[in-house]
Chemist: 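Next up is a structure, given as structure tokens.
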Amino acid sequence: MKSKRMLALLAAGAVLAATPAARAQQGEETPARLFVGGSLIYGNPVGPFGDLVDDGFGVNGHAIYRVDDGGWLGLRADVGFLTYGRESREVCFSTTVGCRVTLGLTTSNNIVFAGIGPQLVAPTGMILPYLTGSIGLAYFATQSSLRGSSDSDDFASDTNFDDWTFAWTGGGGLYIPLRRGPRPISLDFGARYHGNGRAAFLREGDIIDNPDGSITVRPNRTEANLWSFRLGISIGVGPSGM
């Protein structure tokens, strides 16, 4: 009797062990837990920052790991780049060559931001709303670069001024599914408030070229907060076994 019970238990175990393999052979996929995506962003400075600088444009990339099986909770990491000011003009190559050869001088005012935090999603429905927040860093930098009149790439560049701040964000958005199933694809519409705190930064006209070839910078120091509005895409790429 004991041997029959043992054989029955072994048989049941074999069936359970064979079930995932059989599903894999039939081509069934497990739902994605890892999602990656990118978006175009529009930045709207607010408060004292908005009084000094123009609106900006940039790009954002993200990765999300779905923590629970239901898809409600995820851990999201974002990194983005935003340009809020840009100046371009032609300059002479050197004092010896003069202006027979001219170069294009471009100065851009940029913000690079990165953060990580939770994301809550309503995982069912025609439209999937979500809330998200993060803590991280914001990097304010003004950079100048030179290129020839017929070149597409810069051959010299330098950072004129920069500053780092602790940053936090909070916001939300909507996923609009384009494809459902184990590897979903969704449009991503979102808005996020960036609390960058008090930062030092330059705006257009804050770099003065002196007659002796040196420069003088006049940095501003204010609260540097902004709203970003995002249009992008999110794609499920990783299996639940990750």
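Please read these numbers as outputs of a predicted model, since none were measured by experiment.
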Chemist: Is there a continuous path of hydrophobic side-chain contacts, each under 4.5 Å between heavy atoms, that joins Leu231 to Phe57?
Modeler: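 Unlinked, Leu231 and Phe57 end up in two clusters.
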Chemist: Kindly compute the distance separating CG (Leu187) from CG (Leu174), expressed to the nearest 0.5 Å.
Modeler: 11.0 Å
Chemist: Does the ring centre of Tyr42 sit less than 6.0 Å away from the ring centre of Trp227?
Modeler: no
Chemist: If you count every heavy atom of other residues, nucleotides or ligands that lies below 6.0 Å from Ile135 atom CD1, does the total exceed 12?
Modeler: no
Chemist: Does any pair with a residue in residues 216-238 pass salt bridge (charged side-chain N to carboxylate O under 4.0 Å, His left out), and if so which ones, sequence neighbours excluded?
Modeler: Asp188-Arg230
Chemist: Which residues end up grouped with Ile208 if you chain together Ile, Leu, Val, Met, Phe, Trp and Tyr wherever their side-chain heavy atoms are less than 4.5 Å apart?
Modeler: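 Besides Ile208, the hydrophobic cluster comprises nothing; the residue is isolated.
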Chemist: To check you understand the geometry: which heavy-atom pair defines the closest contact between Thr83 and Ser108, and what is its length?
Modeler: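 What the structure gives for the nearest pair is CG2-CB, 4.4 Å.
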Chemist: Apply side chain to side chain contact (heavy atoms under 4.5 Å, CB included) to Ser144 and Thr107, showing your working.
Modeler: CA-CA 4 Å; Ser144 294; Thr107 300; 2.8 Å; yes
Chemist: Quick check on the hydrophobic clustering: are Ile235 and Leu178 connected, directly or via other members, by side-chain heavy-atom contacts under 4.5 Å?
Modeler: yes
Chemist: Is Glu87 close to Ile207 at the side-chain level, that is, under 4.5 Å between some pair of heavy atoms?
Modeler: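 Counting from C-beta outward, Ile207 and Glu87 never come under 4.5 Å.
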Chemist: Calculate, to the nearest 0.5 Å, the distance between atoms CH2 and CZ belonging to Trp168 and Arg192 respectively.
Modeler: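 With rounding to 0.5 Å, CH2 (Trp168) is 11.0 Å from CZ (Arg192).
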Chemist: How close do Gly236 and Arg183 get, heavy atom to heavy atom, and via which atoms?
Modeler: O-CD, 3.3 Å
Chemist: I need the Ile111 CD1 to Tyr139 OH distance, nearest 0.5 Å.
Modeler: 12.5 Å
Chemist: Any sub-3.5 Å donor-acceptor pair from Arg76's side-chain atoms to Gly117's backbone N or O?
Modeler: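 No: the side chain of Arg76 does not pair with the backbone of Gly117.
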Chemist: What heavy-atom pair brings Pro219 and Phe161 nearest, and what distance separates the two atoms?
Modeler: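 Smallest heavy-atom distance, with atoms named: CB-CZ, 3.6 Å.
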Chemist: Test of understanding: with side chain to side chain donor-acceptor pair (under 3.5 Å), list the residues that count as partners of Ser134, not counting sequence neighbours.
Modeler: Thr169
Chemist: As a quick check of understanding, evaluate side chain to side chain contact (heavy atoms under 4.5 Å, CB included) for Tyr84 and Asp55, giving each step before the final call.
Modeler: CA-CA 6 Å; Tyr84 64 86; Asp55 295 346; over 6 Å; no
Chemist: When you measure from the side chain of Thr132 to the backbone N and O of Pro118, does any donor-acceptor pair fall under 3.5 Å?
Modeler: yes
Chemist: With a 6.0 Å cut-off (strictly less than), is the heavy-atom count around CG of Leu40, excluding the residue itself, greater than 12?
Modeler: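 Result for CG/Leu40: open.
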Chemist: Would you check, one step at a time, whether the test side chain to side chain contact (heavy atoms under 4.5 Å, CB included) holds for Leu34 with Ile64?
Modeler: CA-CA 6 Å; Leu34 179 65; Ile64 304 166; over 6 Å; no
Chemist: Can you tell me which residue pairs pass the salt bridge (charged side-chain N to carboxylate O under 4.0 Å, His left out) test with a partner in residues 159-181, sequence neighbours excluded?
Modeler: none
Chemist: Is Trp72 reachable from Leu131 through a run of hydrophobic residues whose side-chain heavy atoms are each under 4.5 Å from the next?
Modeler: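 No: no chain of side-chain contacts under 4.5 Å links Leu131 to Trp72.
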Chemist: Does the Asn210 side chain pair with the main chain of Asp212, one donor and one acceptor, at a distance under 3.5 Å?
Modeler: no
Chemist: Kindly compute the distance separating CD1 (Ile185) from CZ (Phe35), expressed to the nearest 0.5 Å.
Modeler: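 It comes to 11.0 Å.
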Chemist: Parallel, tilted or perpendicular, judged at 30° and 60°: which one describes the rings of Phe201 and Phe49?
Modeler: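 Perpendicular: the ring planes of Phe201 and Phe49 meet at over 60°.
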Chemist: Grab the two heavy atoms, one from Thr106 and one from Ser88, that are nearest each other, plus how far apart they are.
Modeler: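 Looks like OG1-OG, 3.3 Å.
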Chemist: Kindly state each residue pair satisfying ring pair (Phe, Tyr, Trp, His ring centres under 6.0 Å) with at least one member in residues 107-135, sequence neighbours excluded.
Modeler: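 Found Phe113-His194, Tyr130-Tyr175.
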Chemist: For Ile215, is there any backbone N or O sitting under 3.5 Å from a side-chain donor or acceptor partner on Asp209?
Modeler: no
Chemist: First locate atom CG of Leu137, then atom CZ of Phe166, and finally report the distance between them rounded to the nearest 0.5 Å.
Modeler: 8.0 Å
Chemist: Under 4.5 Å between side-chain heavy atoms, counting indirect links through other Ile/Leu/Val/Met/Phe/Trp/Tyr residues: same cluster for Leu52 and Leu226 or not?
Modeler: yes
Chemist: Could you tell me which residues satisfy side chain to side chain donor-acceptor pair (under 3.5 Å) with Asn109, sequence neighbours excluded, listed by chain and number?
Modeler: Thr142
Chemist: I need the Leu105 CG to Ser145 OG distance, nearest 0.5 Å.
Modeler: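 Taking CG in Leu105 and OG in Ser145, the distance rounds to 7.0 Å.
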Chemist: Using every non-hydrogen atom in the two residues, find where Leu82 and Gly43 come nearest and quote the distance to one decimal.
Modeler: CD1-N, 4.0 Å
Chemist: Just by distance, do the side chain of Thr165 and the backbone of Asn196 share a donor-acceptor pair under 3.5 Å?
Modeler: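 Yes.
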Chemist: Any donor-acceptor pair under 3.5 Å linking the side chain of Arg33 with the backbone of Val237?
Modeler: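 Pair absent, no side-chain N/O of Arg33 close to backbone of Val237.
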Chemist: Considering all heavy atoms of both residues, which atom of Ala199 and which atom of Phe140 are nearest to each other, and what is their separation?
Modeler: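 In terms of heavy atoms, the two residues are closest at CB-CE1, 3.7 Å.
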Chemist: Are Ile176 and Val36 connected in the hydrophobic side-chain network, where two residues link if heavy atoms are under 4.5 Å apart?
Modeler: yes
Chemist: For Thr222 and Asn220, which I'm curious about, is there any donor-acceptor pair between the side chains at under 3.5 Å?
Modeler: no
